[in-house]
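In listed order, ligands and their atoms are each counted from 1.
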Amino acid sequence: MDYEKLAELLFGDIDKTPEDYEKEYPCRNLPEGAKVTRFAPSPTGFLHIGGLFAAFVGERTARKTGGVFYLRIEDTDKKREVENGVSGIVKGLSDFGITIDEGMLTETDSTGSYGPYTQSKRKAIYQAYCKDLVKKGLAYPCFCTAEELDEIRKEQEQNKQNPGYYGEFARCRNLTYEEIEEKIKSGKPYVLRLKSQGDENKRIKFNDAIKGEIEMPENVQDIVLLKTDGIPTYHFAHAVDDHLMRTTDVIRGDEWISSAPIHFQLFEMLGFAAPNYAHISPIMKEDAETGGKRKLSKRKDPEAAVSYYHEVGYPKEAVLEYLLTIANSNFEEWRAENPEKSRDDFDFKLSNMSKAGALFDLVKLNDISKNYICTLTKEEVFDRTLEWARAYNSDFAKILEENKDYATAIFGIERGNEKPRKDIAKWQDTVYYTKYFFESPTEFEWQENLSKQDMAEILTTYKGVYKDGEAAEEWFPKVRDMAESLGYAKAPKLYKKNPEDYKGHVGDVASVIRVAVTGRRNTPDLYEIIKVLGYDEFLKRIDGAISLLAK
Ligand code: GLU
């Protein structure tokens with residue numbers, strides 16, 4: 001067979017050669033040890049939390065080594081694509097503070113000199129490498145129809161042979177030039193297949209940065225390189241792109257481990273040095289139905305989508321901090337020892353990633369987020385809540401804009417103390433958190449052990465006891481004295497000893513005032529709340545509660 005002639009027949013319009021591309025995309029001039037990593041999603045518009053996690057791990061790895069992190073869009077599977085599918089991914093990354101050095105910035109714009117960073121724009125490049133493989137007798141066109149492939153599969157099933165297109169089953173491997181030419185002339189569609197040089201008795205070995213040493217049989221399948229439309233398969237595009245973009249470390253989901261023998265073979269046959277691989281385990285979730293673990297699912301779990309975290313308003317700092325805790329199990333200990341340090345100072349290591357899938361824990365994320373939010377100033381909480389509300393809750397945004405000082409004061413309650421309160425885990429929580437400051441209570445929650453008259457008496461008396469501008473130290477002693485004068489124990493302990501001597505204790509009295517002022521049993525410091533509400537509003541609310549009790 002004259003392979004040169006076949007290459008011209010198949011790729012007559014391709015005149016650039018691999019050498020041209022090698023020159024166009026030279027080795028990167030980076031310091032020793034610098035890693036080039038990438039995030040390579042399909043433009044489905046949907047960014048899975050596992051995708052954000054993989055991107056984060058890639059970004060950390062590049063940053064730690066003074067390397068490059070880039071975003072490549074893998075749009076070879078047209079079925080999975082949606083309109084504006086790149087934007088959703090770009091936004092997902094930027095919402096959570098993951099920045100790229102190169103790659104796609106919008107649907108159409110990119111930065112960096114190793115592009116195009118969208119696979120559909122790289123058709124000519126893939127074809128140049130295919131042409132070269134054909135020239136070397138390492139790839140060939142295959143005209144088998146779906147029915148023929150099915151026939152082969154059935155035969156293999158019957159004879160209990162391995163399925164696939166390989167060896168003796170690879171019917172198109174040995175077509176003559178004339179046969180190929182004739183089929184092409186008659187318009188028969190074809191794919192381009194690799195002429196696998198693998199040996200089923202040989203094994204490949206590699207050291208995965210996360211999973212450790214892996215050994216698998218060599219690939220013997222004549223896998224598809226280009227589909228009938230000339231678009232490459234994932235495997236082929238991966239080899240060409242990661243080589244030409246000079247990726248040093250391929251960090252990707254572990255569903256690709258089983259394809260690693262194909263990838264090593266491709267790198268070898270194309271004459272490329274293989275990259276390092278790091279295969280990340282999927283993020284798991286406890287399944288309420290079965291009690292077992294399963295992958296976080298796009299269909300079943302709202303928290304699988306990165307957009308969810310933005311919509312409900314988790315600060316990006318908290319999400320990243322959380323991702324670090326599931327990425328490197330020693331991060332939490334480091335954080336406990338270095339509470340003030342920046343995340344960037346943590347020595348992130350691929351080799352410290354868990355081999356099994358990390359369990360996603362929303363409770364933990366909430367804790368981390370509360371801990372983060374309680375370190376912010378009231379002004380910062382205001383600004384970030386407003387930013388969130390402008391995007392997702394315009395009514396609330398309006399309230400905040402019209403009451404900036406008041407809202408800021410609300411966020412200042414018990415903030416900056418030695419033990420700040422941790423009521424807010426995400427910006428969405430501020431709607432409930434601030435609600436009673438903007439709306440007077442419309443009902444009075446019943447206080448089990450007290451009569452309506454007792455409660456009205458507490459409120460009427462307290463109206464005369466509380467003084468505008470009262471100091472914090474005075475506040476509680478005054479409530480206690482009043483409680484005692486009205487027949488309540490001044491400490492819960494006293495009440496417990498002799499309940500028959502009292503109507504209740506000081507805690508009950510404070511609760512009645514709290515419910516009257518806020519409509520809730522559980523709130524931050526009541527003294528601070530009353531201060532923020534202002535004296536007039538305080539009086540109004542006490543009167544309002546007294547009339548609710550009179551009903
Ligand atoms: N487009 C592939 C995916 O979304 C990328 C895998 C890789 O990172 O190589 O699974």
Checklist entry - Would a line drawn from the ring center of Phe267 to the ring center of Phe264 be shorter than 6.0 Å? => result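 Not close enough - the centres of the two rings lie 6.0 Å or further apart.
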Open item on the list: Looking only at the aromatic ring of each residue, does the gap between the centers of His263 and Tyr234 stay below 6.0 angstrom?
Closed with: yes
- Query: At the 4.0 Å heavy-atom cut-off, does Tyr234 count as touching ligand 1?
  - Reply: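 Yes, Tyr234 has heavy atoms under 4.0 Å from ligand 1.
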- For ligand 1, is there an N or O atom under 3.5 Å from any N or O atom of Ala40? yes
Give yes or no for whether the N/O distance cutoff of 3.5 Å, strictly under, is met between Arg72 and ligand 1. no
| task | Could you find the nearest protein heavy atom to atom 8 (O) of ligand 1 and give me its residue, atom name and distance? | result |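 Ranked first by proximity to atom 8 (O) of ligand 1 is Arg38 NH1, 2.8 Å.
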the protein heavy atom lying closest to atom 10 (O) of ligand 1 turns out to be Trp256 NE1, 3.2 Å
| request: Could you tell me whether the side chains of Tyr117 and Thr111 share a donor-acceptor contact shorter than 3.5 Å? | output: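 There is no such pair (donor and acceptor under 3.5 Å, judged by atom type) between the side chains of Tyr117 and Thr111.
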(message) Regarding Asn219 and Gln265, do their side chains bring together a donor and an acceptor under 3.5 Å, going by distance alone?
(response) yes
Within 4.0 Å of some non-hydrogen atom of Glu74, the atoms of ligand 1 are 1 (N), 2 (C), 5 (C)
Residues passing the side chain to side chain donor-acceptor pair (under 3.5 Å) test with Tyr372, sequence neighbours excluded, are Glu317, Arg384
